[in-house]
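Report on the structure given below.
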Amino acid sequence: MLDKIKIILKNYTPSEDIRWKPKEVKNCPPTKYFYIAKIYNSNFSKKKFSLKLLLTADEKNDIFSLSINGSIRKWYYQKNSRKDLNFKEFIDCIELIAKELNTDVKTVLSGKVTQLEVGLTLLLKSEMREINDCLVKYRNAEREVFEETTLYFKFVNYKLIFYDKFLEMNKNTIWSDIEENVFKKFYFLRFEINAKKVSGMTFKNKFDTIEKIRNNWNMLPSVIEKYINDIVFVDVISEDKKIEINDYSDFVNYLTFLGIKKYGVLESINLFGKSLNINNKSKKLEEFINTYRTNVTNEFDFKAKLLVELRKKLDRLYNKSNNIITKKLINTL
DNA sequence: GGTCGCTCAGAAAGGTGTTG
DNA sequence: CAACACCTTTCTGAGCGACC
């Protein structure tokens, strides 16, 4: 469930097996020196998807701190696939990193996590490809669509991202017939919670050290589901219902629906941002959107399908059936 | 009965000064 | 610089009368 991560180890004793290269950094105190290096996953012979190291040396006091930065997911598998780390693999990662750094597991566990990306890839049917259009609002985040297939909800310290993993993995290649078929049939939806500053969002206290991530691994599914559930969902794809207008309220209801459709769902929702009454805003918005919802058939039920697949994948990554094994793994470290 | 606006508390987001 | 602690602001949902 983890992808990109930045870990800070204090009081790390630099391994002599690593080739440290001095790095010039402008505007830094004269007593500090910087060295960079890379570590690879030595379970594989190829050297791809490294983790970048930045060693800060305060040579006066002989104190070193190490920053580890990169995608442990790609690093662990040595490829960019739709696989996601489960608990056992995460524990594996910790041990591997300790080995590569020539330090003990305890040191890695104590590492501070200052940046973290929690995410997963869902295997959906290709009809689900349009689902981004239905994710219309998330709290007060800035909604932004990039190159038509990527959707962001941005805050200062973190953002939510939805994108087509298959396109991302195969963007620079010529597709074979098999790949064409896969793309036609399936949609690899990737969802990520990208924390640029862990200390400034909800991961703080729960996922801000490697040890806490390990101990709180079982909380990750509900955290991910909470973020998804908080996104305002409107089915903008299904056909309109055939509406019978029998009285005035039916008429107003239908007019509101037509108005939202004509003016645009996103634009209509934005109107509420300017609404003066803070307290009623969310309630009104909910009513407003429900009016729209009651006028579409919702024949496909995108949201339900998304949540079902999300739950399936989370169960697998959380190792629900292996709870005892999970506890044992924690105890062995 | 339903709507509106006020209050409150807790959570979430953002701003800023300090620190190594 | 990056990261954090600390503080302020904003958001959100629930509760509760007042009013039509």
Side-chain angles (χ1 to χ4, degrees), chain A residues 4-14 22-36 51-70 110-118 136-144 152-161 193-213 216 219 222-233 247-250 252-253 256 269-291 294:
Chain A
K4 274 177 250 166
I5 193 166
K6 185 168 182 181
I7 311 164
I8 310 285
L9 302 185
K10 285 203 166 180
N11 302 324
Y12 168 68
T13 310
K23 181 180 164 62
E24 291 286 327
V25 173
K26 283 173 189 169
N27 305 328
C28 73
T31 54
K32 298 226 165 164
Y33 299 88
F34 300 89
Y35 301 89
I36 54 171
L51 295 178
K52 292 189 184 89
L53 306 180
L54 176 68
L55 185 71
T56 306
D58 186 341
E59 301 205 331
K60 222 178 186 178
N61 304 311
D62 222 22
I63 293 171
F64 300 90
S65 96
L66 179 70
S67 144
I68 308 157
N69 198 350
S110 71
K112 273 235 147 209
V113 176
T114 61
Q115 296 181 5
L116 180 63
E117 190 177 272
V118 175
V136 294
K137 185 175 184 282
Y138 170 67
R139 298 183 70 90
N140 275 7
E142 184 197 343
R143 187 185 190 276
E144 193 181 316
Y152 295 100
F153 289 107
K154 291 183 176 174
F155 282 112
V156 174
N157 295 329
Y158 79 97
K159 59 190 170 199
L160 306 184
I161 312 169
I193 305 158
N194 180 304
K196 197 160 64 180
K197 198 169 157 187
V198 168
S199 67
M201 47 93 68
T202 52
F203 288 172
K204 187 189 174 187
N205 300 331
K206 280 182 265 168
F207 306 111
D208 57 359
T209 70
I210 294 293
E211 190 170 19
K212 282 190 200 165
I213 292 176
N216 295 328
M219 291 164 73
S222 56
V223 167
I224 291 172
E225 280 182 327
K226 186 181 172 343
Y227 278 98
I228 295 270
N229 273 318
D230 281 353
I231 297 170
V232 178
F233 185 93
D247 57 26
Y248 182 65
S249 82
D250 289 347
V252 172
N253 180 293
T256 307
I269 287 171
N270 282 341
L271 284 178
F272 281 84
K274 298 166 198 161
S275 167
L276 288 177
N277 190 335
I278 302 283
N279 180 270
N280 273 344
K281 200 159 63 180
S282 56
K283 216 161 135 192
K284 279 281 174 192
L285 177 63
E286 189 67 16
E287 284 174 22
F288 192 58
I289 291 171
N290 276 337
T291 303
T294 56

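All chains are named by letter (A, B, ...) in the order of the sequence lines, taking the proteins before the strands, and each is independently numbered beginning at 1. When reading the values below, keep in mind they use all heavy atoms of this one structure, side chains included, and skip hydrogens, waters and symmetry mates.
Rounded to whole Å, atom C1' of C:dG13 lies 17 Å from atom CG of A:N229. Between the CG atom of A:N140 and the C1' atom of B:dA12 there is a distance of 11 Å, rounded to whole Å. The CG-P distance, from A:L285 to C:dC11, rounds to 13 Å in whole Å. In this entry the distance linking OH of A:Y158 with C1' of B:dA13 reads 8 Å, nearest Å. With rounding to whole Å, A:F64 atom CZ is found 19 Å from B:dG20 atom P. Put simply, CZ on A:F34 is 15 Å from P on B:dG20, counting in whole angstrom units. Rounded to an integer number of Å, the gap from A:K159 NZ to B:dA13 P is 15 Å. Distance CZ (A:F155) to C1' (C:dT10): 10 Å, rounded to an integer number of Å.
A:V252 meets the side-chain contact (heavy atoms from CB on, under 4.5 Å) test with A:Y248, A:T256; sequence neighbours excluded.
The local environment of NZ in A:K212 is crowded, with over 12 non-hydrogen atoms from other residues, nucleotides or ligands closer than 6.0 Å. Environment of NZ in A:K4: sparse, with no more than 12 heavy atoms of neighbouring residues, nucleotides or ligands closer than 6.0 Å.
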Can I get a per-line list of side-chain donor-acceptor pairs under 3.5 Å for residues 199-207 of chain A, giving both atom names and the distance, sequence neighbours left out?
residue	atom	partner	partner atom	Å
A:T202	OG1	A:Y227	OH	2.5

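Here A:Y158 contributes atom OH and A:L116 contributes atom CG; the two are 13.5 Å apart, rounded to the nearest 0.5 Å.
Proximity of A:N253 to A:T294: side-chain heavy atoms (C-beta onward) are separated by under 4.5 Å at one or more points.
With the nearest nucleotide of DNA chain B identified for both A:T202 and A:E287, A:E287 has the one nearer the 5' end.
Note on A:R139: every side-chain N or O is 4.0 Å or more away from OP1 and OP2 of B:dA12.
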Under 3.5 Å, which N/O atoms of the protein pair with N/O atoms of nucleotides 3-6 of chain C?
residue	atom	partner	partner atom	Å
C:dA3	OP1	A:K6	NZ	2.9
C:dA3	OP1	A:T114	OG1	3.3
C:dC4	OP2	A:S199	OG	3.2

